[in-house]
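Below: the structure, in C-alpha cells.
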Amino acid sequence: MPELPEVETTRRGIEPWVVGRRVAAITIRNRQLRWPVDLPHDLVGQRVRSVGRRGKYLLLEIDTGHLIVHLGMSGSLRIVGSDEPLETHDHIDCRFTSESHTQHAEGSHAQHAEGSESSNEILLRYNDPRRFGSWHFHEGDFATHWLLESLGVEPLGNEFSGQYLHRISRNRKVAIKNLIMDSKVVVGVGNIYAAEALFMAGIRPATAARRIPERTYDKLALTIRQVLADAVRQGGTTLRDFVGSDGQPGYFGQSLKVYGRADKPCLVCHTLLKGQVLGQRATVYCPNCQRSQGFQRV
DNA sequence: AGGTTCGCCTGCGGGC
DNA sequence: TGCCCGCAGGCGAACC
C-alpha cells in the first residue's frame with residue numbers, strides 16, 4: 001500500500017496529536033508482523049519530541065530514541081479516542097497521556113469533554129490485515145538502524161536529481177521502473193507512482209536504465225517529484241484500504257493516468273494502454289506516449 | 001555485484 | 001451460494 005505520499009499523509013495527520021505527549025502504555029495484540037515486535041518496556045513515560053519520516057518509515061522520536069514504524073502493504077495508523085471499539089487486525093495501540101505541549105488542530109475526532117483531564121486520552125492505533133508492516137525501537141540515531149542504514153536518497157530532497165539517477169544507472173541494465181523502485185537508489189517510490197512518473201516523463205518502463213540519457217533523467221527526476229508532491233497534497237492514493245490518521249481515504253486515485261488502467265484508452269492520445277509484468281510487479285504504460293528515450297509526440 | 005525470484009499474510013473479485 | 005485462483009500499495013532473503 002503505502003508509498004511515500006501515504007506515509008507522509010499519515011505523518012502529518014498524527015504529528016499534532018502526539019508531539020509533546022508522553023507514552024502511557026503500549027498494547028501489542030499480535031507481535032507477528034513482518035518481524036516479531038519486541039519493544040523495550042521503558043518506553044512508557046517518554047515524551048514524543050517529533051514525528052519524522054525516512055522513505056516509507058515513520059519515525060516517532062522519543063526521549064531515548066525512535067519508534068520506527070513501517071506500514072507494509074496494508075497498514076494504517078489512526079488517532080482514535082480511548083473508547084474506540086477494536087476491529088479485526090488492530091494489532092498495536094500506543095496510548096498517550098493527556099498532557100500536551102502543543103495546541104491541537106480544530107475539529108477533534110476524539111470523543112471527550114473539553115478540559116477534562118482523564119477523558120482527553122488518545123490512542124495511536126495500528127491496523128494491518130496482511131501484517132507486512134513492522135515496529136522497531138532504536139536507540140539514538142535512526143539512520144544507523146539496520147533497516148534504514150542503506151536507504152537511498154529522499155526523492156523530495158536536494159540530493160535527488162537527474163544527474164544523480166544518471167550517475168547511478170551507469171552499467172545497469174535493470175528496467176528503469178525497477179531502478180526507481182529500488183530503495184537503495186531512491187526511497188518512497190512504489191508501484192503506483194513509478195508507473196505514473198514514467199508516464200509523465202514519456203519513458204517506457206522496461207527500458208534498460210543504462211540506455212537512458214541524462215536529459216531524460218532530468219525529466220524523470222522532475223516527474224517523480226511532481227507526482228509525489230501532488231499525491232501528498234491530495235492525501236495519498238486509496239485503492240482499497242489506505243486511510244489517513246483521521247480514517248479518511250486519499251484522493252489521488254482519481255488523478256492516476258496509467259496505474260490500474262491496462263487496456264483502457266490513454267487519457268492523452270487514446271491509444272490502448274498496455275499491461276506488462278516487470279520484476280514480478282504489474283505495470284501499465286502507453287505505447288505511444290512512452291517511447292524508450294523519452295521522446296514524446298506531444 | 002547485479003539481477004531475479006521467493007515468501008511473508010489476508011482479502012477480494014472473477015470464473016466456474 | 002461456494003470454491004478456487006490470481007492478484008494486491010513492500011521488501012529483505014536467498015538464489016543465480
Side-chain angles (χ1 to χ4, degrees), chain A residues 1-10 29-37 53-58 68-77 87-92 126-136 145-152 155 167-198 205-211 224 227-228 231-232 234-244 249-256 258-263 275-284:
Chain A
M1 85 93 350
E3 304 183 33
L4 185 147
E6 293 74 36
V7 178
E8 179 61 20
T9 296
T10 301
R29 297 186 193 80
N30 190 345
R31 310 187 164 269
Q32 306 310 308
L33 302 186
R34 174 97 199 252
W35 291 281
V37 180
R53 178 187 59 74
R54 175 75 173 99
K56 298 173 189 171
Y57 292 92
L58 279 163
I68 302 174
V69 179
H70 197 289
L71 302 178
M73 290 277 268
S74 59
S76 64
L77 275 175
E87 288 175 30
T88 313
H89 309 305
D90 281 342
H91 303 312
I92 298 178
Y126 179 76
N127 182 285
D128 187 0
R130 292 176 69 180
R131 288 188 274 124
F132 288 170
S134 64
W135 280 61
H136 289 89
H145 189 266
W146 66 278
L147 281 169
L148 280 67
E149 63 185 355
S150 51
L151 290 182
R167 176 162 49 79
I168 217 153
S169 65
R170 292 312 80 194
N171 300 319
R172 297 203 51 182
K173 54 183 179 185
V174 69
I176 182 57
K177 175 158 179 281
N178 296 339
L179 185 86
I180 62 176
M181 288 178 66
D182 183 347
S183 64
K184 290 182 177 60
V185 175
V186 56
V187 295
V189 184
N191 206 29
I192 297 178
Y193 300 113
E196 294 298 311
L198 288 167
T207 310
R210 61 182 177 187
R211 288 184 49 233
I224 288 174
V227 73
L228 294 177
V232 168
Q234 298 189 52
T237 299
T238 296
L239 295 182
R240 176 176 300 145
D241 49 16
F242 172 73
V243 290
Y251 294 99
F252 194 71
Q254 55 206 35
S255 304
L256 298 176
V258 288
Y259 182 85
R261 299 196 62 247
D263 303 319
Q276 181 182 25
V277 176
L278 235 40
Q280 323 259 128
R281 312 297 299 274
T283 195
V284 183

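Quick caveat: nothing in here was measured; it's all calculated off a predicted structure. Residue numbers start from 1 in every chain, and the chains themselves are labelled A, B, ... in the order their sequence lines are given, proteins ahead of strands. Computed from heavy atoms alone, side chains included, the values below leave out hydrogens, waters and symmetry copies.
The interatomic distance linking Leu151(A) (CG) with dG10(C) (P) rounds to 14 Å, in whole Å. Between the CG atom of Asp182(A) and the C1' atom of dG2(B) there is a distance of 10 Å, given to the nearest Å. In this structure, CG of Leu148(A) is placed 16 Å from P of dG10(C), rounded to the nearest angstrom. As rounded to whole Å, 13 Å separates atom P of dC7(C) from atom CE of Met73(A). Regarding Lys184(A), its NZ atom lies at a distance of 13 Å from the P atom of dG3(B), rounded to whole Å. Rounded to an integer number of Å, the gap from Ile168(A) CD1 to dG3(B) P is 12 Å. Gln280(A) has its CD atom 15 Å from the P atom of dG3(B), to the nearest Å. In this structure, CG of Leu239(A) is placed 17 Å from P of dC7(C), rounded to the nearest angstrom.
Of the possible polar contacts, none joining the Glu196(A) side chain to the Val227(A) backbone as a donor-acceptor pair under 3.5 Å is found. The backbone N or O of Leu278(A) lies less than 3.5 Å from no partner atom in the side chain of Thr283(A), so there is not a single donor-acceptor pair. In this structure, the side chain of His91(A) does not engage the main chain of Tyr126(A) through any donor-acceptor pair within 3.5 Å. Side-chain atoms of Ser183(A) never come within 3.5 Å of backbone atoms of Val187(A) as a donor-acceptor pair (strictly under, hydrogens ignored). Using a distance-only test at 3.5 Å, with no hydrogens or angles considered, no donor-acceptor pair links the side chain of Asn127(A) to the main chain of Glu87(A). Checked by atom type and distance alone, the side chain of Arg31(A) pairs as donor or acceptor with a backbone atom of Val37(A) at under 3.5 Å.
Distances were taken from every side-chain heavy atom of Ala282(A) (C-beta onward) to each of dA13(C), dC6(B), dA8(C); the shortest belongs to dA8(C). For Met181(A), the side-chain atoms get nearest to dG10(C) when compared with the rest of dG10(C), dG12(C), dG3(B). When distances run from any side-chain atom of Tyr259(A) to the nucleotides dA8(C), dG10(C), dG12(C), the shortest one goes to dA8(C). The nucleotide whose nearest atom lies closest to any side-chain atom of Tyr57(A) is, among dG12(C), dT4(B), dG10(C), dG12(C).
Between Arg281(A) and the phosphate of dC7(C), there is no side-chain N or O to OP1/OP2 separation shorter than 4.0 Å. OP1 and OP2 of dG2(B) both lie 4.0 Å or more from every side-chain N or O belonging to Lys173(A).
Shortest non-hydrogen contact noted between Gly236(A) and Pro5(A) is CA-CB, 4.3 Å.
Searching all strands for a Watson-Crick or G-U wobble partner of dC11(C) with both distances below 3.5 Å returns dG7(B).
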Each nucleotide N or O in nucleotides 7-10 of chain B that has a protein N or O under 3.5 Å away: list the pair and distance.
from, atom 1, to, atom 2, distance (Å)
dC9(B), O3', Arg131(A), NH2, 2.9
dC9(B), O2, Arg130(A), NE, 2.9
dT10(B), OP1, Arg131(A), NH2, 3.0
dT10(B), O4', Pro129(A), O, 3.3
dT10(B), O3', His89(A), NE2, 3.1

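Tyr193(A) comes within contact range of no nucleotide atom at all, as no heavy-atom separation falls under 4.0 Å. Within the nucleic acid shown, Phe252(A) has no heavy atom closer than 4.0 Å to any nucleic acid atom.
Aromatic ring orientation, Trp35(A) versus Trp146(A): perpendicular (interplanar angle above 60°, classes split at 30° and 60°).
One P atom belongs to dC9(B), the other to dA14(C), and the distance between them is 15 Å to the nearest Å.
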